[in-house]
Amino acid sequence: MSVKQSIPFELTPENKCSFCPGTKCCNYITQQIDAPRSIDDFDHLLWQLAHANIQAYKDEDGWFLVVMTRCNYLQKEGNCGIYETRPQVCRDYSNDYCEFDAPAEEGFEFYFQTYTELDNYCRKRFKNWDKRFKT
Ligand code: SF4
Ligand code: SF4
């Protein structure tokens with residue numbers, strides 16, 4: 001049963017976030033990156049994904065690095081501890097149709113959550129992937 005099905009009354013924009021398990025959108029940041037094209041580009045991205053809590057995805061807006069990290073101002077109850085002065089990006093994020101309704105990855109063309117996933121993709125994309133090292 002989904003979270004939404006178990007809620008006994010109507011969700012509204014005002015109460016929706018209080019039912020969101022873990023307050024999903026306050027637990028990561030994204031940063032757009034240049035689209036990787038060459039072997040060197042993908043090798044660099046692979047280095048980034050070798051680090052804890054780093055992911056990458058591509059959607060209709062391009063390539064993004066994801067850092068899975070909880071906002072320091074997210075309160076235990078799921079509230080924002082700096083609501084009145086929260087950054088603009090937080091203000092711009094609408095809960096009309098958000099990750100509570102559908103996982104963000106549904107709109108991704110590529111989604112690499114681990115080093116191994118990206119390494120496997122690169123091996124298929126580049127025939128000489130395993131011979132890429134210069135030294
Ligand atoms: S905007 Fe959506 S994803 Fe973010 S806390 Fe509210 S319901 Fe959850
Ligand atoms: S500042 Fe507030 S709204 Fe923005 S990510 Fe942190 S807890 Fe969420």
Side-chain angles (χ1 to χ4, degrees):
M1 180 182 285
S2 75
V3 174
K4 277 189 286 183
Q5 285 172 320
S6 65
I7 295 172
F9 50 84
E10 190 180 353
L11 283 174
T12 67
E14 289 71 34
N15 72 17
K16 185 178 182 181
C17 295
S18 64
F19 292 103
C20 182
T23 315
K24 294 182 180 182
C25 62
C26 298
N27 281 278
Y28 65 88
I29 63 167
T30 61
Q31 182 68 51
Q32 190 158 22
I33 58 174
D34 292 339
R37 299 190 196 284
S38 67
I39 282 191
D40 285 351
D41 294 341
F42 276 96
D43 184 67
H44 187 81
L45 188 58
L46 192 63
W47 163 68
Q48 292 172 311
L49 263 69
H51 293 74
N53 305 321
I54 304 296
Q55 303 177 349
Y57 70 85
K58 178 182 186 290
D59 69 6
E60 60 185 9
D61 295 322
W63 283 82
F64 291 82
L65 213 57
V66 184
V67 183
M68 301 300 295
T69 179
R70 178 186 170 89
C71 176
N72 287 334
Y73 296 100
L74 179 58
Q75 307 296 288
K76 280 185 189 154
E77 307 76 29
N79 303 328
C80 175
I82 53 169
Y83 188 78
E84 294 303 325
T85 57
R86 69 197 187 286
Q88 190 64 46
V89 67
C90 307
R91 296 166 187 272
D92 291 342
Y93 193 85
S94 165
N95 71 359
D96 282 351
Y97 188 80
C98 62
E99 292 157 78
F100 183 90
D101 304 286
E105 51 266 35
E106 282 187 6
F108 294 170
E109 184 180 341
F110 296 115
Y111 184 29
F112 303 109
Q113 294 180 272
T114 66
Y115 176 101
T116 303
E117 287 174 2
L118 180 59
D119 194 38
N120 289 339
Y121 169 81
C122 291
R123 193 160 291 111
K124 287 180 190 158
R125 178 168 172 147
F126 300 104
K127 286 184 184 145
N128 52 345
W129 178 249
D130 286 320
K131 296 175 183 164
R132 68 191 183 282
F133 302 119
K134 299 166 188 116
T135 56

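Both counts, for ligands and for their atoms, begin at 1 and track the order of listing.
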Atoms of ligand 1 less than 4.0 Å from [X] heavy atoms?
X   : result
Y93 : 1 (S)
C98 : 1 (S), 2 (Fe), 3 (S), 7 (S)
T23 : 5 (S)

Any side-chain to backbone donor/acceptor pair from [X] onto [Y]? Under 3.5 Å, distance only.
X   : Y    : value
D43 : R132 : no
D41 : S38  : yes
Q32 : D61  : yes

Which protein N, O or S atoms sit under 2.8 Å from atom 2 (Fe) of ligand 2? C80 SG
At what distance is the nearest protein heavy atom to [atom], and which residue and atom is it?
atom                    : value
atom 8 (Fe) of ligand 1 : C20 SG, 2.3 Å
atom 1 (S) of ligand 1  : N95 CB, 3.4 Å
atom 4 (Fe) of ligand 1 : C25 SG, 2.3 Å

Y121: which of R123, R125, E117 passes side chain to side chain donor-acceptor pair (under 3.5 Å): R125
Evaluate the criterion side chain to side chain donor-acceptor pair (under 3.5 Å) for residue pair Q75 and Y83; output intermediate values, then yes/no. CA-CA 11 Å; Q75 307 296 288; Y83 188 78; over 6 Å; no
Do other residues, nucleotides or ligands put more than 12 heavy atoms under 6.0 Å from the [atom1] atom of [X]?
X   : atom1 : value
F64 : CZ    : yes
E77 : CD    : yes
R91 : CZ    : yes
D92 : CG    : yes

Checking contacts here: is it the side chain or the backbone of F19 that comes within 4.0 Å of ligand 1, counting heavy atoms only? Could be both or neither. neither
For atom 6 (Fe) of ligand 1, does an N/O/S atom of C17 lie at less than 2.8 Å?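 Under 2.8 Å: C17 contacts atom 6 (Fe) of ligand 1 through an N, O or S atom.
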For the residue pair F112 and F110, does the interplanar ring angle fall in the parallel (under 30°), tilted (30 to 60°) or perpendicular (over 60°) class? parallel
